[in-house]
Amino acid sequence: MATRKYSLDAAPAKPSPRIDYEGLLNEEQLRVVEAGEGPVLVIAGAGTGKTRTLTFRVARLLERGIPPEGVLLLTFTNKAAREMTRRVEELAGSFADVRRILGGTFHHAAHALLRQHAGALGFSRDFTVLDREDARDLMSSCLAERKVPRGEKRLPRADVVLELISMAANLRRSVEEVLAERRPQFLPVAEDVLAVARRFAKRKAHMHLMDFDDLLVLLARLLVEHPSLHAELVDRFRCVLVDEYQDTNRLQGELIDLFAGEHRNLTVVGDDCQSIYSFRGADFTNIIEFPQRYPGCSILHLTRNYRSTPEILRLANESISLNQRQFPKQLVASRLSGPAPVLVPTLDADQQAAFVAQRVLELREQGVPLEQMAVLYRAHAHSLELQLELTRRGIPFRVRSGVRFFEQAHVKDVMAHLRLALNPRDELAFKRIVKLVPGIAQTRAESLWAALESLPPELPLGQSLAHPDVQARVPRKAAADFARLASLLDRLSSPESFRTPGALIGEVLAGGYAEYLRAEFPEEERREEDIRQLAEFAGRFEELPRFLSEIALVSEFSAEEAAAGDAPDAMLTLSSVHQSKGLEWRVVFILWLAEGRFPFISAVRSPEEEEEERRLFYVATTRARDELSLTYPITSVLQEGARVLNRISRFIEELPANEDAPYDRLILETRSAQDGS
């Protein structure tokens, strides 16, 4: 056998990177990208290109020789993670294998690390991650195991217990503390709730299951209880970078500090002025006290805004400057001047809705697409009148991250009470209501309706529900709650009630539905507040039939839209301010800038809460690129029909006035049809 030689050419040298940092970044961004080792806090104002800056910093670290597997890049959403990874690949893919970076959400990173090291905590490396539906099913099973004697206060629903456990985990507090502070109505059954929480944890561990919160809790426990493993991971991740740092909670903050370790090569990017999620557990002290936890850290600012006009930024700067606890900064516009923001006082909520709808139509005629306009508000209930007005005018709209107001389950529950009061033969309304009674499901509801239908139609609703033939079909365990419902419906169906739909809704809340909402749904959803806003809106209607007809109009319009298959981008956006964060539109309207609505009446009980509400107003104003309208109704109509004066929001009142005001005042004039309106 002959032996031959084969010459193997040397691998071609990788082309030297040619990222033009100076040409692609402004001076502030470049300072962040070129920052040296050690802790770096980047205060990145709205619209200043923070994501772009962070991805360039990752590329620069790789260019300096940091191996990709030595980079830990943490974000808050999968979408943000994908976008940042894509941008880093575009910048550094020619000289680094970006796929080896551990980047993604906190939960994604925790999952990847626990797959390697869960055995140290007694878990199989093949553990299963519970999604939210599976976690709810397991919790429901644990609740079913815990028998509460009949007649005692019922246990909260599975979603509510999961919320308590999750909040406790992320705040690093006990479930008992969180329950006492956030859900005091469940203190009478606190012992049962805590037992269910323990049972839930025990069953998860037994089956080698982890929910999303466990991923972070167990990773923190792993790092604390196993020093050698902690040291190994700190040595591996030579550079830790965190996006949206102002939104981190106590648990996430601890994890970041653990990963930073002794080398402290940590870059966190965020905007303290956009910290608005304390109700979800976000801890403002993580960002505001960063310099105290990392003495000698570099504090860099991004202030050049590429989104909004100078006039919009002036108003935003004036407002947020009044917060005491912050890293002071002034956003500077890179765009040319535009129209000043306008303050629009309206007679009432109906005129507020009419102004927004008319202005939207005008702007569309001028070439601004509907998808480039948004209406923002503090709570979804504040869009109630606007949704009706948009429906009347045929303007298609979407409600961001939620169904339309009148299509929400709790609103439809209340409307079913009113429909049945008006029409005792409304089978759908009856079945919807009666299934809210614990112990009555679909089959039992059908049986009860069959009994009702067999009774004389002229019999009043209250007497019908009390009839022996109906009572015989009520389960014993549901008897007390059914009697309470029957009493409520008897009051609602009295003839003198028909002219006061607002009072009827108040009666529904007082008759047990408010208690049901507090027991069944997480606090942050504010469903009871929605119903109180609905009652206020209904107060302007003199008759129940007319009120129900108006609401039916909205549902019909929604159904027609769905059938027509409108393109999803051909719609006006309606959104709470919380849901709008990170987004932008050419034109933004902010509704209900009145005390009690914005700021929210229950959200300004302390200076800290007031400052967070002001940050929320700041977020709302900085969503606008070209045009900003601030509206508030001068009067409101109460449930009883009385008209009261509203006080303008403190966030407007505290701005400079007269010639120095950062807005123009728009006075509405009503023209008759003959005038060409």
Side-chain angles (χ1 to χ4, degrees), residues 307-309 311-312 315 338-407 537 550 553-554 556-558 560-562 564 566-577 579-580 583-593 597-598 620-633 663-671 673 676-677:
R307 175 186 301 156
S308 306
T309 62
E311 290 77 8
I312 291 171
L315 187 146
V342 292
L343 176 64
V344 190
T346 65
L347 174 63
D348 53 24
D350 286 336
Q351 193 179 65
Q352 177 180 245
F355 162 73
V356 172
Q358 180 173 313
R359 184 66 185 136
V360 164
L361 290 174
E362 289 172 350
L363 288 164
R364 185 171 66 174
E365 286 297 312
Q366 295 167 17
V368 181
L370 285 178
E371 62 269 21
Q372 285 297 318
M373 294 183 268
V375 184
L376 308 182
Y377 35 76
R378 179 63 179 81
H380 278 300
H382 298 166
S383 68
L384 195 153
E385 293 86 1
L386 180 62
Q387 291 195 31
L388 278 173
E389 186 66 22
L390 295 172
T391 299
R392 292 190 191 104
R393 299 195 186 213
I395 302 173
F397 65 93
R398 69 161 70 83
V399 179
R400 180 168 171 76
S401 296
V403 296
R404 299 181 179 205
F405 184 85
F406 297 106
E407 296 168 7
F537 171 73
E550 284 286 335
L553 172 68
V554 179
E556 177 64 20
F557 179 72
S558 177
E560 288 176 359
E561 268 190 339
D566 282 320
D569 59 349
M571 294 186 181
L572 175 70
T573 296
L574 275 56
S575 175
S576 70
V577 182
Q579 295 288 349
S580 74
L583 303 175
E584 61 182 69
W585 295 269
R586 285 176 60 182
V587 177
V588 168
F589 301 85
I590 305 177
L591 299 185
W592 270 110
L593 282 163
R597 305 297 180 94
F598 201 163
T621 59
T622 54
R623 300 310 94 199
R625 291 165 52 195
D626 302 333
E627 185 174 312
L628 175 64
S629 296
L630 313 170
T631 72
Y632 76 99
Y663 55 81
D664 292 338
R665 184 179 292 269
L666 192 65
I667 304 301
L668 300 184
E669 296 178 348
T670 302
R671 295 183 297 171
S677 61

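Atoms considered below: every heavy atom in the structure, side chains included; atoms not considered: hydrogens, waters and symmetry mates.
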Handout entry: Pairing residues for Y377 by the ring-ring contact (aromatic ring centres under 6.0 Å, His included) criterion, not counting sequence neighbours
Key = H380

Practice task
Using modelled atom types only, decide if a donor and an acceptor are shared between the side chain of S308 and the backbone of A624 within a distance under 3.5 Å.
Solution key: yes

Completion exercise
CG (L593) and CG (L376) are apart, to the nearest 0.5 Å, by 10.0 Å

Problem - Any side-chain heavy-atom pair of R393 and Q358 under 4.5 Å - result: yes

Problem - Qualifying residues under side-chain contact (heavy atoms from CB on, under 4.5 Å), relative to A340, sequence neighbours excluded - result: D664

Practice task
Sorted by first residue and then second, give each ring-ring contact (aromatic ring centres under 6.0 Å, His included) pair with at least one member in residues 347-376; sequence neighbours left out.
Solution key: none

Exercise for the section: Tell me, please, which residues at least two apart from T573 pass side-chain contact (heavy atoms from CB on, under 4.5 Å). Expected result: A374, R398, R400, S575, W585

Practice task
Nearest 0.5 Å please: distance from the CH2 atom of W592 over to the CD atom of Q352.
Solution key: 6.5 Å

Practice task
Mind checking the CG-CD1 spacing from L628 to I590? Nearest 0.5 Å is all I need.
Solution key: 5.0 Å

Exercise for the section: Would you please name every residue forming a side-chain hydrogen bond (donor to acceptor under 3.5 Å, both in side chains) with R625, sequence neighbours left out? Expected result: Q372

Practice task
Using a 4.5 Å cut-off on heavy atoms from C-beta on, say whether the side chain of H382 contacts that of S576.
Solution key: no

Practice task
Check side-chain contact (heavy atoms from CB on, under 4.5 Å) between Q366 and all other residues, then give those that pass, not counting sequence neighbours.
Solution key: R359, E362, L363

Problem - Contacts of S383 that satisfy side-chain hydrogen bond (donor to acceptor under 3.5 Å, both in side chains) - sequence neighbours left out - result: Q387

Exercise for the section: Indicate yes or no: at least one non-hydrogen side-chain atom of R364 is less than 4.5 angstrom from one of L370. Expected result: yes

Exercise for the section: Flag the pair F598 / L591 as yes when at least one side-chain heavy-atom distance between them is below 4.5 Å, and no otherwise. Expected result: no

Completion exercise
Applying ring-ring contact (aromatic ring centres under 6.0 Å, His included) to F589 and not counting sequence neighbours gives none

Problem - Side-chain touch F397/V375, heavy atoms, less than 4.5 angstrom - result: no

Completion exercise
Sequence neighbours excluded, the answer for salt bridge (Lys or Arg N to Asp or Glu O under 4.0 Å) partners of R378 is E613

Practice task
With sequence neighbours left out, write down each residue that passes side-chain contact (heavy atoms from CB on, under 4.5 Å) with Q351, or none if nothing qualifies.
Solution key: T346, L347, D348, L668, T670

Handout entry: With sequence neighbours excluded, residues passing salt bridge (Lys or Arg N to Asp or Glu O under 4.0 Å) with R586
Key = D626

Exercise for the section: Answer yes or no: is there a donor N or O on one side and an acceptor on the other, between the side chain of E311 and the main chain of P339, under 3.5 Å? Expected result: no

